[in-house]
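Proteins come first, then strands; the chains are lettered A, B, ... in the order of their sequence lines, and each starts at number 1. The figures here come from the full heavy-atom set of this structure, side chains too, leaving out hydrogens, waters and symmetry mates.
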Amino acid sequence: MSKFLNLYLPAAGGTALILGSAYGLSTRGYQDDTVAALQTQLEQKEVVVADASAQAAALDAQVAEMMAANEELLARAAAGGGLTDPAPVTEVAYGLGRPALDEEIAAWDVDVLPDGRGLPVGSGDVWTGEELFVDNCAACHGDFAEGVGNWPVLAGGFDTLADEDPVKTVGSYWPYLSTVWDYTHRSMPFGNAGTLSDDDTYAIVAYILYSNNLVDDDFTLSNENFLDVEMYNADGFVVDDRDVLEYAQWRAEPCMENCKDSVEITMRASVVDVTPEDDMAEEASAAHSMSDDTAPAEESAEAENVQASADPALIEAGQGVFRQCSSCHQIGENARNGAGPQLNGILGRTIGGVDGFRYSTVMADAGAAGEVWEAENLTAFLMDPRGVMNGTKMAFRGLRSEEDAAALLAYLQSMGAE
Amino acid sequence: MDDSLKPSRRAFLRGSAAVAAGTVAGGAAAQGAPDPLITELQDWASFTGVGVDETPYGLPIQFERDVVRRNVPWLTASPISSINFTPIHALDGTITPQGCAFERHHSGAIELSKADYRLMINGLVDRPLVFTYEDLERFPRENHVYFCECAANTGMEWAGSQLNGAQFTHGMIHNMEYTGIPLRTLLQEAGADMSADKWVYVEGADASSNGRSIPMEKALDDVLVAFKANGEALRMEHGYPVRLVVPGWEGNMWVKWLRRIEITDMAVESREETSKYTDVYEDGVARKWTWVMDAKSVITSPSPQMPITHGTGPLVISGLAWSGHGKITRVDVSTDGGISWQTARLGKQGDSKALTRFYLDTEWDGSPMLLQSRAMDETGYVQPTKDQLREVRGENGVYHNNCIQTWFVNEEGIAENVEVS
């Protein structure tokens, strides 16, 4: 920084150095205005060197004072453990923010307490719940709440909590019904949260209770009988007692020498062999040792050809749209079936045609009749899944616009063949 | 050039021949023929490098591109609701760079702009309020370094050694310098009922909402409403623009994309504090409200992803220690599986509820080692063995496994995750 000023005052070496140091300090936030003014004067060569020198000296003194104060603050902060002094504690409000409106609180404050406070008026029965469950939940949780793949099991598991691998379901583990209602209403279905009506939520919760044998098939759950439902594991929890059972024993000077007679290896991770391979390191290593890019050249040329005709911006937009799909569907290299089938080569693929995926009847039938996914029918389906394929297991309300559909199709196509 | 990239774990597991050859070659250059890296003019010493602005926001150099977060796909049903792991084996010091700090989402990471951000505080308050992001920047703020550890860190190791790498066994942790407002300041602003039997329920703006109940005593103590980490804005995956920081307590409570704070007269008993983040023990009874992360440590190098490649002689054994109860006061290291212990040298000491780095500067004679580390915190608590934990809790649990970890290092310097008697 000081070199900058020296350019303007090559003759007044000593003074320039003093000014330079003042300027350097000023960039840390001290006396900006004064220094800016000084600079202007210098540029116009109207500066009286003696005056400037005096001002700079004054600046230096001020800066030294501030630095000393700052050091004291830092020392205090270090003593307190934080990097700053504690924020001031005042009794008076700062007056920031604005009052929350009743409608706003009603929209966001939807939690339900264990004693039922927060529940809206409403009701739903087991049979309605079953239909809703198959439509909205079964893709991940199974028709009978038994769980698909790695997704949560919601039913059964009674008397397994003391086993090595406890099955923690709504029936076997959850202590409060309020939690089931609140979570279903607020955070489910996965990928489409917050879309269930109050009555739909009561019905689905009634069905989950039924699938856990906690109520009969003619049961209707409502805000009025909500607290009458007895949860199986209501008394299964104790509040953290580590202080008694653990801390009391484990706060002692540890052994340093001859702590045991011998040591044997009793278990090895390499035998289990479930650690993911380090592909990144391999790739980095390969790329690094390669003298030039001869090997991947063919591949990238091929990739360019595939995408040459597509609009990159559209594909990118489609990738954004695909996020709505990605909780259930995979596409690309190594794509597997999840809650929904993998989508490689979806355009031109027989409807309901992925091996190993359990399709709804309507999908399977369409495939059996020889129907194939093409731009037109896929767009229609994605805009209104249940309207077009009544009975599909896909729990998605539909894309918002034709533009989204066009972008999504471009993206699906860009991800290439199977 | 090859020396600048650490050999992969797989390369080591394949056999040590190539590695040994590499080590010898490196040594030979120095002992015999002159090293061409020194005697020959290198491109980088002759041509010019890249100019400024090449990468307006810089990323690590290509040779470090294997130092990344990694996932264990079989753990969860979908990456949308999943976790990955900080590459703690490859880092040093204590601060975790945001770009490789582990992520845990329940409904995916969301893009929420500062302009669209709202924070509501309601419930048992005199003045229910709504804040914008700008409002939050006008409250007095503090800076603190804290670790954030997922309660499930090391959770896959209850029944035995399973994952081969400190990243996978202990990588659900990061340690950052946060800038934020004390939660108590916001409670005061709204005129909240701050009596000791009240609770502060916090939830996020994402689809999972991830609601958690925090007892008032903790809320008034050291909880921060944070908007910066390591000096820059939070990353999307860590809750941009605003997250909660709950020092020393399990990561699930550090609600991301914080949108609402409600004062209640009881715990909400949300999904995340009943069906999840509760600890089932041997008799089937579960502990709840197990918030604090007890003292824990792990040797990050040598470790399965960080084998010894330099042969015998001076060896730096390095690791991390932390405690949700306060400061780390001592770390002991054993090279013989816990028969004898030496006290390690602590890095910067004194941060409460933050990672502490430790080093044991030693000589390796090439014989096999069973490496362990054992942390102690300011309450006098000593990190337990896996057997001590199992005796109290059994093996049915998932969370709060803070056992002493063992790495077996063989004569070739290759390390493996093992369990010992």
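For the set B/Glu395, B/Arg138, B/Glu134, the count of heavy-atom pairs under 4.5 angstrom toward chain A peaks at B/Arg138. In terms of non-hydrogen atom pairs under 4.5 Å with chain A, the most contact-rich of B/Val292, B/Thr406, B/Ile121 is B/Val292. Contact tally against chain B (heavy-atom pairs below 4.5 Å) for A/Thr266, A/Asp273, A/Asp163: the top residue is A/Thr266. Listed options A/Ser270, A/Ala193, A/Ser262 were ranked by heavy-atom pairs under 4.5 angstrom with chain B; first place goes to A/Ser270. With respect to chain A, the highest number of heavy-atom pairs below 4.5 Å among B/Val285, B/Val418, B/Val130, B/Asp135 belongs to B/Val130. Taking B/Tyr381, B/Trp289, B/Phe131 one by one and counting their heavy-atom pairs under 4.5 Å with chain A, the maximum is reached by B/Tyr381. No other option in B/Ser107, B/Gly397, B/Gly338 has as many heavy-atom pairs under 4.5 Å with chain A as B/Gly338. Note: A/Gly95 leads A/Gly118, A/Pro152, A/Gly95 in heavy-atom pairs under 4.5 Å with chain B. Highest contact tally toward chain B, considering only A/Leu96, A/Val170, A/Leu161, is held by A/Leu96 [criterion: heavy-atom pairs under 4.5 Å]. Each of A/Asp165, A/Leu113, A/Thr160, A/Val112 has some count of heavy-atom pairs under 4.5 Å with chain B, and the biggest count is that of A/Leu113. Among the candidates B/Ile181, B/Val398, B/Leu119, B/Val280, the residue making the largest number of heavy-atom pairs closer than 4.5 Å to chain A is B/Val280. By number of non-hydrogen pairs under 4.5 angstrom with chain B, the leading residue of A/Asp241, A/Asn258, A/Asp182 is A/Asp241.
In this structure, no portion of B/Gln383 lies under 4.5 Å from any heavy atom of chain A. Of the atoms belonging to B/Trp291, it is backbone heavy atoms, and not side-chain ones, that fall under 4.5 Å from chain A. With a threshold of 4.5 angstrom between heavy atoms, B/Ile339 approaches chain A through its backbone and through its side chain. With a 4.5 Å cut-off on non-hydrogen atoms, B/Val268 touches chain A through its backbone and its side chain both. If you measure heavy-atom distances from B/Asp265 to chain A, the contacts under 4.5 Å come from the side chain alone. Both the backbone and the side chain of A/Lys260 come within contact range of chain B, each with at least one heavy atom under 4.5 Å from a heavy atom of that chain. In this structure, the portions of A/Val263 lying under 4.5 Å from any heavy atom of chain B include both its backbone and its side chain. Proximity to chain A is limited to the backbone of B/His106, based on heavy atoms less than 4.5 angstrom apart. At a 4.5 Å heavy-atom cutoff, B/Ala190 makes no contact with chain A through either its backbone or its side chain. Contacts of A/Tyr176 with chain B are made by side-chain atoms alone, with heavy-atom separations under 4.5 Å and no backbone atom involved. The parts of B/Arg118 that come within reach of chain A are both its backbone and its side chain, each placing non-hydrogen atoms under 4.5 angstrom from that chain. Only the backbone of B/Tyr281 comes within contact range of chain A, judged by heavy atoms closer than 4.5 Å. With a 4.5 Å cut-off on non-hydrogen atoms, B/Glu177 touches chain A through its side chain but not through its backbone. Only the side chain of B/Thr185 comes within contact range of chain A, with heavy atoms under 4.5 Å apart. When heavy atoms are compared at a cutoff of 4.5 Å, B/Ala354 does not approach chain A at all. Only the side chain of B/Arg393 has a heavy atom closer than 4.5 Å to any heavy atom of chain A. Neither the backbone nor the side chain of B/Gln167 comes within contact range of chain A, judged by heavy atoms closer than 4.5 Å.
In this structure, A/Arg242 does not pair ionically with B/Asp279, as no charged nitrogen and carboxylate oxygen lie closer than 4.0 Å. Contact check on B/Lys288 versus A/Asp240 returns no salt bridge, with no Lys/Arg side-chain nitrogen under 4.0 Å from an Asp/Glu carboxylate oxygen. Remark: B/Arg287 engages A/Glu246 in a salt bridge, criterion side-chain N to carboxylate O under 4.0 Å. A salt bridge does not link B/Glu419 with A/Arg268: every distance from a Lys NZ or Arg NE/NH1/NH2 to an Asp or Glu carboxylate oxygen is 4.0 Å or more. Between A/Glu104 and B/Arg260 there is no salt bridge, since no side-chain N of the basic residue sits under 4.0 Å from a carboxylate O of the acidic one.
To the nearest 0.5 angstrom, A/Lys168 atom NZ is 8.0 Å from B/Ser275 atom OG. To the nearest 0.5 angstrom, A/Tyr94 atom OH is 8.0 Å from B/Glu189 atom CD. With rounding to the nearest 0.5 Å, the separation of CE in B/Met156 from OG1 in A/Thr275 is 9.5 Å. Atom CD of residue A/Glu257 and atom CD of residue B/Gln342 lie 8.5 Å apart, to the nearest 0.5 angstrom. One finds the CG atom of A/Leu83 at 7.5 Å from the NE2 atom of B/His144 (value rounded to the nearest 0.5 Å). The CG atom of B/Asp294 sits 8.0 Å away from atom CH2 of A/Trp250, with the distance rounded to the nearest 0.5 Å.
Judged purely by distance below 3.5 Å, without hydrogens or angles, the side chains of A/Thr179 and B/Glu269 never pair a donor atom with an acceptor atom. For the residue pair B/Thr278 / A/Tyr173, a side-chain donor-acceptor distance below 3.5 Å is found, with atom types taken as modelled.
Looking at heavy atoms from C-beta onward, B/Trp341 lies in side-chain contact with A/Cys259 at the 4.5 angstrom threshold. B/Arg127 has its side chain out of reach of A/Pro99: every pair of non-hydrogen atoms, C-beta onward, lies at least 4.5 Å apart. Side-chain contact between B/Arg330 and A/Pro254 is present, with at least one heavy-atom pair separated by less than 4.5 Å. When side chains are defined from C-beta on, B/Arg70 counts as touching A/Pro276, because their heavy atoms get closer than 4.5 Å. With a 4.5 Å cut-off on side-chain heavy atoms, A/Ile105 and B/Met120 count as touching. Side-chain contact between A/Ile265 and B/Leu370 is present, with heavy atoms from C-beta onward closer than 4.5 Å. Side-chain contact between B/Trp74 and A/Asn150: absent, with no pair of heavy atoms (C-beta onward) separated by less than 4.5 Å. You'll find the side chain of B/Ser270 stays beyond 4.5 Å of the side chain of A/Tyr183, heavy atoms only.
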Checklist entry - Do A/Trp151 and B/Ser78 pass the side chain to side chain contact (heavy atoms under 4.5 Å, CB included) test, and can you show the C-alpha distance, the side-chain angles, and the key distance before you say yes or no? => result CA-CA 8 Å; A/Trp151 296 101; B/Ser78 157; 3.5 Å; yes
Next on the checklist: As a quick check of understanding, evaluate side chain to side chain contact (heavy atoms under 4.5 Å, CB included) for A/Asp115 and B/Met266, giving each step before the final call.
Outcome noted: CA-CA 10 Å; A/Asp115 61 10; B/Met266 65 196 296; 3.6 Å; yes
Next on the checklist: Working note: B/Val420 + A/Glu264, criterion side chain to side chain contact (heavy atoms under 4.5 Å, CB included); need CA distance, chi angles, decisive distance, verdict.
Outcome noted: CA-CA 5 Å; B/Val420 294; A/Glu264 303 286 328; over 6 Å; no
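Counting non-hydrogen atoms of other residues, nucleotides and ligands closer than 6.0 Å to CG of A/Asp102 gives a total of 12 or fewer.
Between the side chain of B/Asn122 and the main chain of A/Asp109, no donor-acceptor pair closer than 3.5 Å is present. Within the 3.5 Å criterion, the main-chain N or O of B/Arg271 finds no donor-acceptor partner in the side chain of A/Trp174.
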